[in-house]
Amino acid sequence: MIEKNYQPADIEVRIAAAWEAAGAFKAGRADRVDAEPYTIVIPPPNVTGSLHMGHALNNTLQDILCRFERMRGRDVLWQPGTDHAGIATQMVVERQLMERKEPGRRDMGREKFLERVWQWKAESGGVIVNQLKRLGASCDWSRERFTMDEGLSRAVVKVFVQLHREGLIYKDKRLVNWDPKLLTAISDLEVQQIEVKGSLWHLRYPLEGKVFDPEDPTTFIVVATTRPETMLGDSAVAVNPEDERYVALIGKHVILPLVGRKIPIVGDDYSDPEKGSGAVKITPAHDFNDFEVGRRHNLPQISILDIEGRLALDGNEDYLRGLPEGSAQLVEELHGMERFAARKSIVARLEDFGFLEKIEPNTHAVPHGDRSGVVIEPYLTDQWYVDAKTMAQPAIAAVRSGATEFVPKNWEKTYFEWMDNIQPWCISRQLWWGHQIPAWYGPDGKVFVAETEEEAVGHALGYYVEQEVITAEQGHDMALDPALREGFITRDEDVLDTWFSSALWPFSTLGWPDDNTDVERYYPTNVLVTGFDIIFFWVARMMMMGMHFMKDVPFPTIYIHALVRDEKGAKMSKSKGNVIDPLHLIDDYGADALRFTLSAMAAQGRDIKLAPQRVEGYRNFATKLWNACRFAEMNECALPADFDPTKATEVVNRWIAHETARATREVTEAIEAYRFNDAAGAAYRFVWNVYCDWYLELAKPVMMGEDSPAKTETRAMVAWARDEILKLLHPFMPFITEELWAVTAARTGLLALTPWPLKSRCGLTREQEALIIATASSDPLVAPIMLGDPAVVPDFKDDAAEAEIGWVVDLVTAVRSVRAEMNITPATLTPLVLAGASAETQARALRWSDVVKRLARLGDISFADRSPDGAVQLLIRGEVVALPLKGVIDLGAEQTRLEKELAKAEADIKRVDAKLSNEKFVANAPEEIVEEEKEKRAEAVARKEKVLEAMQRLKGAV
RNA sequence: GGGCGCGUAGCUCAGCGGGAGAGCACCUCGUUGACAUCGAGGGGGUCACAGGUUCGAUCCCUGUCGCGCCCA
């Protein structure tokens, strides 16, 4: 018994429990051991995350694919899990400590702090998983993984060690993007360039050997900079060797203002004569470009900042080297000053001494940390790197060869663009939460990388015994007692970039390296569904790791979906306050409505601008489906076990079978092509505009009538088509369809595990049929399936039924239109006369008189040779139908209506004539097109004649 | 500066070489035996602009203007 009202909230809870109890989403179910696997790995959401619109879209699309393939009989593994999200999680827990006024991370110590993070994870880490369940995600939740769980951690260590052994991971001292707030290095990708309105300071650097005079330009050289405070670390001035203004100065020196350091003027292409003054200060330790210039000219790297971005001058040997007497005062005054305060202070000092020539307003891109939001400092440190350039080569080749394809294809360009210019990937982070790097250092800084501490220590001690740093006995004791080697052998404190572990996700979640059974079965996965914003962060790195460790692509297809924006097209963000919470939408309209909305709007290559009103509209669609099922139930529509829809004899039933098959083809092919919006649209139109609007209406008179074979057949067919609809909609609206499946009949199993309807011949164009027949010879299996060979799939194709129901629909629509235009009240039943109708039409009219009378509000239907005077004449599929409305209709209104039709007919004729009289058109256009145009013309001419005739009669009626 | 994409009905968007479409909004009518979370009917667009290719362009090409995103 179906409830009167559709209440999504009740259903969702109940149905979710039913799926869970049945283990419906388990991969490797006993009934599917022989089935072909279908695998998707979820893009693991941050464990700190909560469901936003991007997740909702991403997981809806994956779920559609998984449910679709599960119904097609595949052994589906949708692998769920979460990401430990190093920085984000550490920040969340630190904030929590602060709010609770507990000791901070550093006071607490590493071990204690990590305990707290795990505790936090246990308490709050499951939020997003439950939210995904609310959305209806059919993941195999029994296999949920976490990037920091034991197995995945082993995978991380193994990968690190192997890549290190292969020379693809190495330690290097170079500039990194340093976050002075989070106190860690971050990768290029975690840096966002933000346009900032700043200044360009023009500074006068006195030339060596001249007496500095601010009024005499021959005594100094002007350099332009956006970061005056870094001048303390300058080790050269660069000018372009082609620049005639300065070429004579190359090789000479300047005396760094305030500091007194003597630094050279070098010639380098990097200096752009068009920019600023054409001379540029070089600070190798604080600017990426300057770093390169410094390397080229062998300049010292003078770091003048500490890790928190404060000036570090006191005791800074690099800074103090070679400075004249009297430098101590500046050091004393500036040491420890925060970088932006230092900027002001230094500019003021420069100005006081006449070193500041001018300040120009200047808008430029400033790097910011994507997590901390503070300005990133290029900073000279030792970090671990992956040789991304080498790793990228097989990953690039895989996409070039088509082993992996992007959908839509244009994203490949973005992928290549980045991969071809890839930089070393900085993977070490100065955090605590994450995979600690498996590297140990000896007293001389020598590094030992190994999968376990025992192994690393063993190598290290062996090495130092051999080097005679320690005795064999000492080594032996240290090996046995960790306390003894403390301070002698220490582990690297740093952890790995979060994305390092997610790069392994497609195989680490399957048990690699401990147990490869599932890797063999489920790798490579079938498709990756993700947003373009993490192509670099994640997709590219999975490609690299997959190619390297599995020797195969992680997925043959990468479906890149849109970004969800607000209805005005702005990116949703907390600061803008335009975030639409998917959970609120689920509360208000149900998960099914939200899912359907997102799929209906998921057109390839365009962002989704989401208006909550759309969700309401699709909730209404769910209600419509609900009520249609109630209608079937009220009319005792049930599907007998032996019912064969291909054997239906009633025209309307043959017609709906045909239409159902057409919809099945459309939905199936659209999902196969990742055209989710087309699939949703086809299902929507079929359910509402075909099944509800016409089929159920056409079936009513039969079902309301006396018992008869026709009634029996119709009831069965209503139920059959309803079941097909539930199947087709299930991937999009899993909750409501599963519920209706359960309550509309005694079922043997869940809808989620019910076979998907096969495609049959309906809906194929003539060209497609011809093509299939043509290719059939090469592949005999294809044709029968594609064409609907009854031996393989039921054939519902029925052009005759389509023509007949089409006639009924056209007739009813036309009569309704006229009645509305003439303002005839629904209570008035009008007679209908078929004028000069063919035998076929007469037969149809008799067969459909009940339906037509009801739907078009007609009285008697009769036949005549010609239509009566004063009647409204309609042309239905080439024949005249008359509504004798003398006395009822407004003659003026009818005259206007006919004039409009006449004008339309004449315009049609004129346009076609223009084409047909064009010799080049007739000569060049394909024959079918010309033929079509001729048919159009004949049809329009006939229409015009009938309209003229009707106008004559109207005159006669006056 | 380089790259990608978008300008189609009031709004949000499909379509992408042969007669302009959907949903929402709007107007009119409706207690017709599933559904007012509904039904019936209707109005509304030189498909950004300018050239070109073509028998034919909303669709392909070039340019212009406007908007968005990514990378430097």
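Proteins get letters first, then strands, A, B, ... in listed order; numbering begins at 1 in each. Heavy-atom basis, side chains included; hydrogens, waters and symmetry copies ignored.
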Undergrad: How many whole angstroms separate atom CD of A/Glu292 from atom P of B/rA72?
TA: 15 Å

Undergrad: Under 4.0 Å, heavy atoms only, any strand: does A/Arg675 hit a base, just the sugar-phosphate, or nothing?
TA: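 Result for A/Arg675 = sugar-phosphate.
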
Undergrad: Rounded to the nearest Å, what distance is computed from the CD1 atom of residue A/Ile560 to the C1' atom of nucleotide B/rC69?
TA: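 Roughly 15 Å, once rounded to whole Å.
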
Undergrad: Tell me whether the rings of A/Tyr684 and A/Phe596 are parallel (<30°), tilted (30 to 60°) or perpendicular (>60°).
TA: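 Rings of A/Tyr684 and A/Phe596: tilted, as their planes differ by 30° to 60°.
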
Undergrad: Which nucleotide, B/rG18, B/rA72, B/rA40, lies nearest any side-chain atom of A/Gln193?
TA: B/rA72

Undergrad: Between B/rC4, B/rG41, B/rG18, which nucleotide gets closest to the side-chain atoms of A/Ala820?
TA: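 Nearest to the side-chain atoms of A/Ala820, counting from C-beta on, is B/rG41.
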
Undergrad: Check the angle between the aromatic planes of A/His561 and A/Tyr559 and answer parallel, tilted or perpendicular using the 30° and 60° thresholds.
TA: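 Taking A/Tyr559 first and then A/His561, their aromatic rings sit tilted (interplane angle of 30° to 60°).
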
Undergrad: Looking across every strand, which nucleic acid part, if any, lies under 4.0 Å from A/Arg614 by heavy atom: base, sugar-phosphate, or nothing?
TA: base

Undergrad: What is the pairing partner of B/rA50, taking Watson-Crick or G-U wobble pairs with both distances under 3.5 Å in any strand?
TA: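 B/rU62 is the nucleotide pairing with B/rA50.
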
Undergrad: I'd like to know if A/Glu906 pairs up with A/Lys910 as an ion pair, taking the criterion as any Lys NZ or Arg NE/NH1/NH2 lying under 4.0 Å from an Asp or Glu carboxylate oxygen.
TA: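 No, this pair does not count.
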
Undergrad: Could you tell me whether A/Arg911 contacts a base, only the sugar-phosphate backbone, or nothing, with contacts defined as non-hydrogen atoms closer than 4.0 Å?
TA: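 A/Arg911: base contact, heavy atoms under 4.0 Å.
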
Undergrad: Measuring only the P atom in each nucleotide, how far is B/rG21 from B/rG43? A whole number of Å is fine.
TA: 12 Å

Undergrad: Work out how far the P atom of B/rC61 is from that of B/rG3, and round it to whole angstrom.
TA: 16 Å

Undergrad: Measuring only the C1' atom in each nucleotide, how far is B/rC70 from B/rC35? A whole number of Å is fine.
TA: 47 Å

Undergrad: Roughly how many Å is it from CD in A/Glu933 to P in B/rG19, rounded to a whole number?
TA: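 About 7 Å, once rounded to whole Å.
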
Undergrad: What are the two closest non-hydrogen atoms of A/Val539 and A/Ile558, and how far apart are they?
TA: CG1-CD1, 3.6 Å

Undergrad: Flag this pair as yes if the NZ/CZ of A/Arg400 is under 6.0 angstrom from the six-membered ring centre of A/Phe416 and inside a 45 degree cone about the axis; otherwise no.
TA: yes

Undergrad: Rounding to an integer number of Å, can you tell me how far A/Asn677 CG sits from B/rG15 P?
TA: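 After rounding, the reported distance stands at 6 Å.
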
Undergrad: Tell me whether the guanidinium CZ or amine NZ of A/Lys624 lies under 6.0 angstrom from the six-membered ring centre of A/Tyr691 and within 45° of its axis.
TA: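 Negative - A/Lys624 is either too far from the ring of A/Tyr691 or too far off its axis.
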
Undergrad: Tell which nucleotide pairs with B/rG45, taking only Watson-Crick or G-U wobble pairs whose two distances are both under 3.5 angstrom.
TA: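 Partner of B/rG45: none.
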
Undergrad: So A/Thr414, base contact, sugar-phosphate only, or nothing? Heavy-atom distance under 4.0 Å.
TA: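 If one applies the 4.0 Å heavy-atom cut-off, A/Thr414 turns out to touch nothing in the nucleic acid.
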
Undergrad: OP1, OP2 of B/rC4 versus side-chain N and O of A/Lys413: anything below 4.0 Å?
TA: yes

Undergrad: Find the partner of B/rC69: check Watson-Crick (N1-N3 plus N6-O4 or O6-N4) and G-U wobble (N1-O2, O6-N3) distances, both under 3.5 Å, and reply none if neither fits.
TA: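 When the pairing criteria are applied, B/rG3 turns out to be the nucleotide that pairs with B/rC69.
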
Undergrad: Under a 3.5 Å limit for both distances, which nucleotide forms a Watson-Crick or G-U wobble pair with B/rA22, could you say?
TA: B/rU12

Undergrad: How far, in whole Å, is B/rG56 from B/rA22 if one measures between their P atoms?
TA: 30 Å

Undergrad: For B/rC27 and B/rA9, measure between their C1' atoms and round to the nearest Å.
TA: 15 Å

Undergrad: Are A/Trp720 and A/Asn653 side-chain neighbours, meaning at least one heavy-atom pair lies under 4.5 Å?
TA: no

Undergrad: Is the closest basic N to carboxylate O distance between A/Asp908 and A/Lys904 below 4.0 Å?
TA: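 So A/Asp908 pairs with A/Lys904 through a salt bridge.
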
Undergrad: Looking at the side chain of A/Trp688, which of B/rC38, B/rG19, B/rG18 is the nearest nucleotide?
TA: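 Of B/rC38, B/rG19, B/rG18, B/rC38 is nearest to the side chain of A/Trp688.
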
Undergrad: Looking at B/rG41, B/rC69, B/rG18, which one has an atom nearest to any side-chain atom of A/Lys936?
TA: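 Per side-chain heavy atoms of A/Lys936, the pick is B/rG18.
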
Undergrad: What one-letter contact string describes nucleotides 27-37 of chain B from 5' to 3', where B marks a base within less than 4.0 Å of any protein heavy atom, S marks contact via sugar-phosphate atoms alone, and - marks no contact?
TA: -----BBBB-B

Undergrad: For the pair made of NZ in A/Lys915 and C1' in B/rG18, what is the distance, rounded to whole Å?
TA: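 In whole Å, B/rG18 C1' and A/Lys915 NZ are 4 Å from each other.
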
Undergrad: B/rC38 P sits how many Å from A/Tyr618 OH, rounded?
TA: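 Rounded to whole Å, this separation is 14 Å.
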
Undergrad: NE2 of A/His561 versus P of B/rC13: gap in Å, rounded?
TA: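 To the nearest whole Å, that distance equals 16 Å.
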
Undergrad: Are A/Lys936 and A/Glu933 ion-paired here, with the side-chain N under 4.0 Å from a carboxylate O?
TA: yes

Undergrad: For nucleotides B/rG52 and B/rU46, find the distance between their P atoms and express it as a whole number of Å.
TA: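 Looking at atom P only, B/rG52 and B/rU46 are 23 Å apart.
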
Undergrad: Considering only atom C1', compute the distance from B/rC47 to B/rG19 and round it to an integer number of Å.
TA: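 It works out to 15 Å between them.
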
Undergrad: I need the NZ-C1' distance between A/Lys920 and B/rU53, as an integer number of Å.
TA: 13 Å

Undergrad: Could you give the distance separating B/rG63 and B/rC55 at their P atoms, to the nearest angstrom?
TA: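 One P to the other, the span is 24 Å.
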
Undergrad: Searching all strands shown, indicate the nucleotide that pairs with B/rC35 (Watson-Crick or G-U wobble; both distances under 3.5 Å).
TA: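 Result: none.
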
